Every structure is written in C-alpha cells, then in structure tokens.
Amino acid sequence: MNNYSDPALDLMTEALLVALSAASRETGAHSHRTAEIADTLASRLSFTPDERASLRYASLLHDIGKLTSDPAILHKCAALTAEETAHLREHVAASVEMLDRLGFPAAVVRIVAEHHEQFDGTGYPARSSGDSISRGARVFALADALDAILSDRCYRKARTYTEARAEILRCSGTQFDPLVVAAFISIPAERFQ
Ligand SMILES: [Fe+2]
Ligand SMILES: [Fe+2]
C-alpha cells in the first residue's frame, strides 16, 4: 500500500464508505477491491507515494455520488432506458461535488471526474482522450473494468481471469491506455486473484 496518507482524509473516506456500503453493499465492496487492483498497477507503473495516495482515495470514493442515485434504478437488473442511463451517469458529477466540498485534493477529484473517460475519447462525461486524461484515471479505468468482469452481476455470472485478460487486451488503445494494459499483462495473475 502507499506510504502517504492524511488522517483527516482517511477518517472521511471511512465514513463515506460506511454510508456507501449501507446504500449498496456491492458498490462498497467493489470500491475496496478496485483500490487494491489500482494500487498494484500503480506500483508497477512507478507512481510516487503521493500519486498512489491520490489514486487510492479516488478508487475508494469514485462511485460515492451513487448515494444520490435513485435506488430503484441503481439496483435495477433489467436493461436500462436511455433516461435511466443518463440518470446513473450523473453519479460522476455528484462524486466530484461531494469530494470537492469535503476538501479532497485536486488530484483526487480529477481522477474521480475522469473515471468513466476512455482512451479513445468515447467515455463520459467530457469525452476526453489519450494523455489529456490523468494517468491516475487511465490506471483506474482498467482496475474498475477488471473488477467488474471478475464479479457476478444480477444479469450475468462473473467471468474468469483468463477471459478478463483477453477482454482487456482486446480493448487496449480503445477503452484503455496501451501502457497501462502492458503493465497489467506483465503482472502475474495471482496478484489479482
Ligand atoms: Fe462510476
Ligand atoms: Fe466502479
């Protein structure tokens, strides 16, 4: 784990995660797992202790804005309407607003703001691409996707690590930064399981 952390931010993060887990146990668990995966990737990519700390807070709190999502839509298993999808996408702005108001550092807020951007510019909300997306958010995107693929959803079963690896390789250069994919591929599978 990182060497750097701030006791006040740690306490706030803990409190927010208790609330998030109460609203959605799966989102809380996903946040913790994603932080572990992202930190493993960050260590391989030689992030500084400060960069790792920012990425850790951002990973733990990326979906905190889901506290403001309509629970009926958040937990809906059937296909979402366009309106429902748009509603759920607002969690990014809500996360940013909450963390900004609570005084989280700009580097943390930026990763959270960019956590659904994609390398080829097809993500949301800003459709940023390539290096204009922060390095932390480019690493985070892979961690978020890996955990999603390895987890059960109400509409599908978890896939295997081998399937996840193939899927991530397939999306190198489109959804993901190729340098982050290369770092991921170079790490033994056991570190993620
Ligand atoms: Fe999200
Ligand atoms: Fe996520």
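Both counts, for ligands and for their atoms, begin at 1 and track the order of listing. Scope of the values below: all heavy atoms of this structure, side chains included, with no hydrogens, waters or symmetry mates. Computed from a prediction, not measured in an experiment: that's the story for all the values here.
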Inset, instruction - Everything protein-side that's N, O or S and under 2.8 Å from the Fe ion (ligand 1): list it, residue and atom. - result: Asp63 OD1, His91 NE2, His115 NE2, His116 NE2
Inset, instruction - State whether a side-chain donor-acceptor pair under 3.5 Å links His116 with Asp144. - result: no
Inset, instruction - Indicate whether any N or O donor in one side chain lies under 3.5 Å from an N or O acceptor in the other, for Asp63 and Thr27. - result: no
Inset, instruction - Nearest 0.5 Å please: distance from the CZ atom of Arg135 over to the OG atom of Ser54. - result: 12.0 Å
Legend entry - Pair Thr122-Asp120, side-chain donor/acceptor within less than 3.5 Å: yes
Inset, instruction - Give a yes-or-no answer on whether the side chains of Ser151 and Arg33 include a donor-acceptor pair shorter than 3.5 Å. - result: yes
Legend entry - His30 atom (N/O/S) at minimal separation from the Fe ion (ligand 2): NE2
Legend entry - disulfide bond (SG atoms under 2.5 Å apart) contacts in which one or both residues fall within residues 133-193, not counting sequence neighbours: Cys77-Cys154
